[in-house]
Amino acid sequence: MKHPGQRLTRGFHAPSVEIGPMFVAVDSGYPMLLEQDGCELMELDDITPEYARTARRDLEASEDRRAALDALPGTADVTERLVWRRGRVDAIEAGLLCRERFTARPA
């Protein structure tokens, strides 16, 4: 599992950014950003296991309903979305993506 502050190798960085969320790791880390913004970090939870379960269910449901999705008008990108969902699951399982929940309050 990749942990905050740990750098990705060049070969894994681009795919992780492509598959990952819009909000990516920052050099100083989110706890530092919260502190710099005048907040006090109350709690930090690793919710990666829950995110992984959700991503797997999403992928499995899409694969199970592939024929129905293909039959809908305007869904020409079903294959592309399935590839993205598979990539997301693979990246989580490889430890390239994680999810954390921050609870903070004004300092």
Side-chain angles (χ1 to χ4, degrees):
M1 163 84 49
K2 185 194 165 317
H3 295 285
Q6 185 180 9
R7 295 274 183 202
L8 291 175
T9 62
R10 184 176 305 238
F12 286 110
H13 184 266
S16 297
V17 169
E18 185 177 321
I19 291 294
M22 293 181 350
F23 305 103
V24 296
V26 294
D27 288 336
S28 62
Y30 282 101
M32 180 63 74
L33 289 179
L34 289 167
E35 183 181 311
Q36 290 172 352
D37 197 37
C39 294
E40 175 187 359
L41 181 62
M42 305 294 296
E43 198 171 323
L44 171 59
D45 298 306
D46 178 7
I47 58 170
T48 304
E50 292 85 357
Y51 178 59
R53 281 193 296 277
T54 300
R56 278 189 215 96
R57 281 194 305 262
D58 181 41
L59 174 63
E60 291 166 3
S62 295
E63 289 173 340
D64 290 348
R65 293 166 181 79
R66 174 68 191 262
L69 291 171
D70 284 335
L72 294 172
T75 57
D77 60 344
V78 170
T79 299
E80 183 178 316
R81 285 183 299 190
L82 283 172
V83 167
W84 182 86
R85 286 180 171 108
R86 166 54 55 204
R88 179 177 56 169
V89 168
D90 291 346
I92 295 166
E93 290 174 352
L96 300 174
L97 292 178
C98 65
R99 283 290 180 276
E100 296 172 316
R101 180 179 52 220
F102 299 89
T103 304
R105 66 178 179 195

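All values below come from the heavy atoms of this structure, side chains included, with hydrogens, waters and symmetry mates left out.
To the nearest 0.5 Å, atom CD of residue Glu93 and atom CZ of residue Arg88 are 11.5 Å apart. If you take CG on Asp58 and CG on Leu82, they are separated by 9.0 Å, rounding to the nearest 0.5 Å. Atom CG of residue Asp77 and atom CH2 of residue Trp84 lie 12.5 Å apart, to the nearest 0.5 angstrom. Here the straight-line distance linking atom CE of Met42 with atom OG1 of Thr103 works out to 8.5 Å at 0.5 Å rounding. Between Arg81 atom CZ and Leu69 atom CG the span is 6.5 Å, to the nearest 0.5 Å. To the nearest 0.5 Å, atom CG of residue Leu96 and atom CG of residue Asp90 are 9.5 Å apart.
Smallest separation of non-hydrogen atoms from Ala52 and Ile92: CB-CG2, 3.5 Å. The minimum heavy-atom distance linking Arg99 with Asp46 is given by the pair O-OD1, 3.2 Å. Residues Glu100 and Leu44 share a closest heavy-atom pair of CB-CD1, 3.8 Å.
Counting only distance, with no hydrogens or angles, the side chain of Asp37 and the backbone of Cys39 share no donor-acceptor pair below 3.5 Å.
Scanning for salt bridge (Lys or Arg N to Asp or Glu O under 4.0 Å) contacts around Glu35 gives an empty result, with sequence neighbours left out. Applying the salt bridge (Lys or Arg N to Asp or Glu O under 4.0 Å) criterion to Glu60, with sequence neighbours excluded, gives no partner residue. Residues forming a salt bridge (Lys or Arg N to Asp or Glu O under 4.0 Å) with Asp45 (at least two apart in sequence, or on another chain): Arg101. Arg53 pairs by the side-chain hydrogen bond (donor to acceptor under 3.5 Å, both in side chains) definition with nothing, not counting sequence neighbours. Considering only residues two or more places apart in sequence or on other chains, Glu63 meets the side-chain hydrogen bond (donor to acceptor under 3.5 Å, both in side chains) condition with none of them. Here Arg57 pairs with nothing under the salt bridge (Lys or Arg N to Asp or Glu O under 4.0 Å) rule; sequence neighbours left out.
A 6.0 Å sphere centred on CZ of Arg66 holds more than 12 heavy atoms belonging to other residues, nucleotides or ligands.
Residues Val78 and Leu72 share a single hydrophobic cluster, defined by chaining ILVMFWY side chains whose heavy atoms lie under 4.5 Å apart.
Using a 4.5 Å cut-off on side-chain heavy atoms (C-beta onward), Leu33 and Gln36 make contact.
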